[in-house]
Amino acid sequence: MDKLQLLDSRYMRMARIWAENSYCQRRQVGALLVKNKMIISDGYNGTPSGFENNCEDEENHSKPYVLHAEANAITKVARSNNSSDGATLYVTASPCIECAKLIIQAGIKRVVYGEEYRLMDGIELLKRAGIEVVFMQQP
């Protein structure tokens with residue numbers, strides 16, 4: 001295993017641990033934004049700040065205003081002095097199409113993900129934008 005794969009593996013483990021912060025019942029997703037071997041942002045799926053911590057409604061469907069882990073990490077870095085331009089995003093599940101658009105616009109150059117979602121249109125869009133996409137099988 002080369003140095004990059006080793007780092008990828010470590011950051012993915014950290015993203016999986018970070019996912020445990022999510023209050024979502026159906027799926028817990030974690031994300032880390034890394035640039036120059038520094039974590040510049042993090043996120044997990046959940047409701048916006050100040051909202052109740054329930055992600056699902058009475059029928060166990062995700063509420064429409066739940067934020068994805070990637071969106072939380074990207075908006076968090078936007079409020080800091082860091083820039084996501086050229087960064088790598090580690091996320092425990094493959095990004096949806098909406099998050100893929102945010103990833104492209106945020107200047108993220110590489111996405112490492114650990115679980116394939118039923119819809120792969122987000123991954124296809126990232127590849128079309130020239131972003132390096134790496135699938136890292138969960139252990």
Side-chain angles (χ1 to χ4, degrees):
M1 192 180 283
D2 70 11
K3 206 176 204 176
L4 183 59
Q5 287 175 313
L6 201 60
L7 281 172
D8 284 350
S9 178
R10 286 182 184 147
Y11 285 126
M12 279 303 292
R13 281 200 312 272
M14 293 169 75
R16 283 194 293 276
I17 290 166
W18 202 244
E20 294 172 15
N21 287 316
S22 172
Y23 287 92
C24 297
Q25 302 295 312
R26 292 177 60 217
R27 170 178 279 165
Q28 293 179 309
V29 180
L32 293 179
L33 256 177
V34 177
K35 188 173 178 178
N36 302 324
K37 295 184 185 172
M38 287 189 335
I39 298 169
I40 60 168
S41 190
D42 54 58
Y44 51 87
N45 57 329
T47 56
S49 300
F51 282 67
E52 77 293 339
N53 284 324
N54 291 351
C55 297
E56 293 85 13
D57 61 20
E58 297 77 31
E59 284 91 45
N60 202 31
H61 296 112
S62 287
K63 293 177 180 173
Y65 51 87
V66 168
L67 287 156
H68 290 183
E70 307 94 313
N72 269 325
I74 291 167
T75 55
K76 192 174 183 179
V77 80
R79 294 176 67 179
S80 75
N81 292 325
N82 286 313
S83 166
S84 55
D85 202 35
T88 297
L89 177 71
Y90 294 89
V91 61
T92 58
S94 59
C96 70
I97 190 108
E98 294 301 319
C99 287
K101 291 189 272 186
L102 292 176
I103 291 165
I104 294 164
Q105 292 300 93
I108 294 165
K109 293 296 171 218
R110 191 164 176 267
V111 175
V112 180
Y113 69 99
E115 184 185 316
E116 293 189 327
Y117 188 58
R118 59 185 169 84
L119 298 174
M120 294 302 286
D121 51 356
I123 294 296
E124 290 162 21
L125 186 65
L126 292 174
K127 288 178 180 174
R128 187 171 157 203
I131 293 171
E132 182 186 347
V133 177
V134 178
F135 173 58
M136 183 168 274
Q137 188 77 46
Q138 306 275 14

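Nothing here was measured: the structure is a model prediction, and the numbers come from that model.
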Name the atoms and distances for all side-chain donor-acceptor pairs under 3.5 Å in residues 92-102, with sequence neighbours left out.
residue: T92; atom: OG1; partner: G30; partner atom: N; Å: 3.1
residue: S94; atom: OG; partner: Y117; partner atom: N; Å: 2.9
residue: E98; atom: OE1; partner: K101; partner atom: NZ; Å: 3.3
residue: E98; atom: OE2; partner: K101; partner atom: NZ; Å: 3.2

Legend entry - Whether over 12 other heavy atoms sit under 6.0 Å from K63 NZ: yes

Inset, instruction - Give a yes or no on whether V91 and M120 share a hydrophobic cluster (residues Ile, Leu, Val, Met, Phe, Trp, Tyr; joining criterion: side-chain heavy atoms under 4.5 Å apart). - result: yes

Inset, instruction - Measure the shortest side-chain to side-chain distance between R128 and E124 over non-hydrogen atoms and say whether it is less than 4.5 angstrom. - result: no

Inset, instruction - Starting from the C-alpha separation in whole Å, work towards a yes-or-no answer on side chain to side chain contact (heavy atoms under 4.5 Å, CB included) for L7 and V34. - result: CA-CA 10 Å; L7 281 172; V34 177; over 6 Å; no

Legend entry - Close side-chain approach of I39 to M14, heavy-atom, < 4.5 Å: yes

Legend entry - Qualifying residues under side-chain contact (heavy atoms from CB on, under 4.5 Å), relative to P48, sequence neighbours excluded: F51, Y65, L67

Legend entry - Taking every non-hydrogen atom, the tightest pair across R27 and S22: O-OG, 4.5 Å

Inset, instruction - Measure the CD-CD distance between Q137 and E115 for me, rounded to the nearest 0.5 Å. - result: 9.5 Å

Legend entry - Heavy-atom pair of closest approach, residues Y11 and L32: O-CD1, 3.6 Å

Legend entry - I123 vs F135 side-chain heavy atoms within contact, under 4.5 Å: no

Inset, instruction - Would you please test Q28 and W18 for side chain to side chain contact (heavy atoms under 4.5 Å, CB included) and show each step? - result: CA-CA 9 Å; Q28 293 179 309; W18 202 244; over 6 Å; no

Legend entry - Neighbour count >12 (heavy atoms, 6.0 Å) for atom CD, Q5: yes

Legend entry - Hydrophobic cluster membership, V111 vs M12, 4.5 Å side-chain cutoff: no

Inset, instruction - Answer yes or no: is there a side-chain heavy-atom contact under 4.5 Å between S83 and K35? - result: yes

Legend entry - Heavy-atom closest pair, residues V77 and S84: CG1-CB, 4.0 Å

Legend entry - Rounded distance [0.5 Å steps], OG in S62 versus CZ in R26: 4.5 Å

Legend entry - Residues which pass side-chain contact (heavy atoms from CB on, under 4.5 Å) with S49, listed by chain and number, not counting sequence neighbours: none

Legend entry - Side chain proximity check, L33 to N82, heavy atoms < 4.5 angstrom: no

Inset, instruction - For the pair N36 (side chain) and M38 (backbone), establish whether a donor and an acceptor sit closer than 3.5 Å, ignoring hydrogens and angles. - result: no

Legend entry - Shortest non-hydrogen contact between T47 and V66, atoms and distance: CG2-CG2, 4.3 Å

Inset, instruction - Return the minimal non-hydrogen interatomic distance between L89 and E70, and the atom names on each side. - result: CD2-CG, 3.8 Å

Legend entry - Heavy-atom pair of closest approach, residues E56 and Q25: OE2-N, 2.9 Å

Legend entry - side chain to side chain contact (heavy atoms under 4.5 Å, CB included) partner of T88, chosen from K109, K37, R110: R110

Legend entry - Y90 OH to M136 CE distance, which is reported to the nearest 0.5 Å: 7.5 Å

Inset, instruction - For N72 and Y44, test the side chains for any donor-to-acceptor distance below 3.5 angstrom and give the result as yes or no. - result: no

Legend entry - Test log, rule side chain to side chain contact (heavy atoms under 4.5 Å, CB included), inputs T75 and R79: CA-CA 7 Å; T75 55; R79 294 176 67 179; 5.8 Å; no

Inset, instruction - Kindly compute the distance separating CD1 (I104) from CG (L125), expressed to the nearest 0.5 Å. - result: 4.0 Å

Inset, instruction - Kindly work out whether a path of hydrophobic side-chain contacts (I/L/V/M/F/W/Y, heavy atoms less than 4.5 Å apart) joins I40 to I74. - result: yes

